[in-house]
Amino acid sequence: MSEAQAIDVLVMGAGTIGCYIGGNLAAAGVRVAFVGRPRVLGALAQHGITLTDLKGTRNHVAPGVIQLFDAVPTGARPALVLLTVKSGATAEAAAELAAALPQGTAVLSLQNGISNAAVASAAAPALHVLPAMVPYNVAELGPGAFHRGTVGRLAAKDDPALRPWVAVFERAGVPIDLHADLLPVQWGKLLLNLNNPVNALSGLPLRDELLERGYRLCLAALMDEALAALDKARIAPARLAAVPASKLPGILRLPTPLFRLVAARMLRIDAKARSSMADDLALGRRTEIDALCGEVVRLAKANGMEAPRNAKMIELLEAWPERKARWLAKPLQAAMRL
Ligand SMILES: NC(=O)c1ccc[n+]([C@@H]2O[C@H](COP(=O)([O-])OP(=O)(O)OC[C@H]3O[C@@H](n4cnc5c(N)ncnc54)[C@H](OP(=O)(O)O)[C@@H]3O)[C@@H](O)[C@H]2O)c1
């Protein structure tokens, strides 16, 4: 572990999201430090960070401007931590932060799912953990190069610790909106992310998968269970797509020629883009399935319901290492009893 120079923002988990958001803050003059793994740190040390987006924006952060660490640096006093590890690594990362940082340090969980902030809080009760939501997709294009492929604004739970950062994030090109209640926003995102396991099992690029009705029927069924549980729990998911969340399953079930017309915006995706869960399966990494379908199963159960299709999806993802063959749409529908 090495000593830190002055740090404003500490990125815990220098991966795709951490490098994109932390990198943009660094490009705007914020003193950012990154804690990560040797592969990414080596790339950042050699190439710095290059940030691009679909609007043609390009930012570069020179290697010397950022501080890089393989563990939370001793003596660091960041004003804000961005927690950007995948869900399965949350508790461990939070415990490492708690062991090194002052009590009360603000930690923003920029992770998918619903429970990551709660998991981090339980592992690090002395830290001030706040939930946030990243609406856009970021891909690592090469060493130190990160590209944002879709649009949107970050969202976080309103808290006095975050208010001074709103103008800073805006200036850095990663605007953030603060919400009194973030839960509807998180569920709005989770509903869309239910496509991740379907896409991963299909073995197809997102666009090709969404153009096959059989896969859309699987996704619609996962969404139906989530929407029913949300309704029972009296949570109205935020609208993050062109149509309200409740209308999504009906649109997904349309015949493909009609779906192409109605969902033209949804289909404006890079031809090769896949969900990162597909990459996780391909690389034998743990997936975030528990933070997606697992949340639906838990919400349903807490409200006296069941979510058998989401439970099945977890089972299929967990069985992947033995199978390692893509699921065609028909057998997937059959496995989900559709
Ligand atoms: N990528 C996207 O487009 C996107 C969009 C919206 C939301 N999100 C969410 O954002 C979160 C982060 O996703 P991501 O795609 O940025 O993940 P990622 O690229 O895998 O980045 C996380 C990085 O943190 C590292 N890490 C894990 N534990 C660590 C620790 N204790 N100390 C230091 N480094 C550690 C990981 O290394 P190892 O893998 O070696 O452990 C990995 O390099 C997820 O919840 C994801 O769902 C992602």
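Counting starts at 1 for both ligands and their atoms, following the listed order. Just so it is clear, the structure is predicted and the values come from calculations on it, not from any experiment.
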Quick one, Arg148 with Tyr20, criterion side-chain contact (heavy atoms from CB on, under 4.5 Å). Give me CA distance, side-chain angles, the key distance, then yes/no. CA-CA 8 Å; Arg148 177 162 97 181; Tyr20 184 78; 3.5 Å; yes
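A salt bridge is absent between Arg77 and Asp8; no separation between the charged side-chain nitrogens and carboxylate oxygens falls under 4.0 Å.
Between the side chains of Thr256 and Arg216, a donor-acceptor pair is found at a separation under 3.5 Å. With hydrogens and angles left out, the side-chain atoms of Ser87 and Glu288 include a donor and acceptor closer than 3.5 Å. Between Thr90 and Gln111, the side chains place a donor N or O and an acceptor N or O closer than 3.5 Å (distance only, hydrogens not considered).
Every protein residue with a heavy atom nearer than 4.0 Å to ligand 1 is included here: Met12, Gly13, Ala14, Gly15, Thr16, Ile17, Val35, Gly36, Arg37, Thr84, Val85, Lys86, Ala89, Glu96, Leu110, Gln111, Asn112, Val134, Tyr136, Asn137, Val138, Lys189, Glu288.
The two residues Phe69 and Ala33 come nearest to each other via the heavy atoms CE1-CB, 3.8 Å.
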